[in-house]
Amino acid sequence: MMGGVLTELKLLMHDEFDLCNISLCRRECNSVAHALAAIGSKLHGECNLYWDGVPHEIEALVTRDLARSDE
């Protein structure tokens with residue numbers, strides 16, 4: 001079922017980009033992206049986001065991911 005979607009994505013990337021590299025990252029190593037996606041999916045309309053005022057939960061996730069990347 002996903003084969004057609006993946007084939008279409010590959011063709012689109014080939015047509016639109018000179019060079020494209022896809023990397024797999026486990027969810028545990030990319031918790032910030034998942035948390036931000038969850039927050040972003042709930043935003044309505046145009047919204048300007050700045051680091052000032054970032055929820056403490058997100059700041060903690062970024063800090064934890066940065067610490068893991070140094071391991």
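With sequence neighbours excluded, the residues satisfying side-chain contact (heavy atoms from CB on, under 4.5 Å) with Ala33 are Asn30.
Atom CG of Asp15 and atom SG of Cys20 lie 12.0 Å apart (nearest 0.5 Å). The CG atom of Asn21 sits 9.5 Å away from the CE atom of Met13 when rounded to the nearest 0.5 Å.
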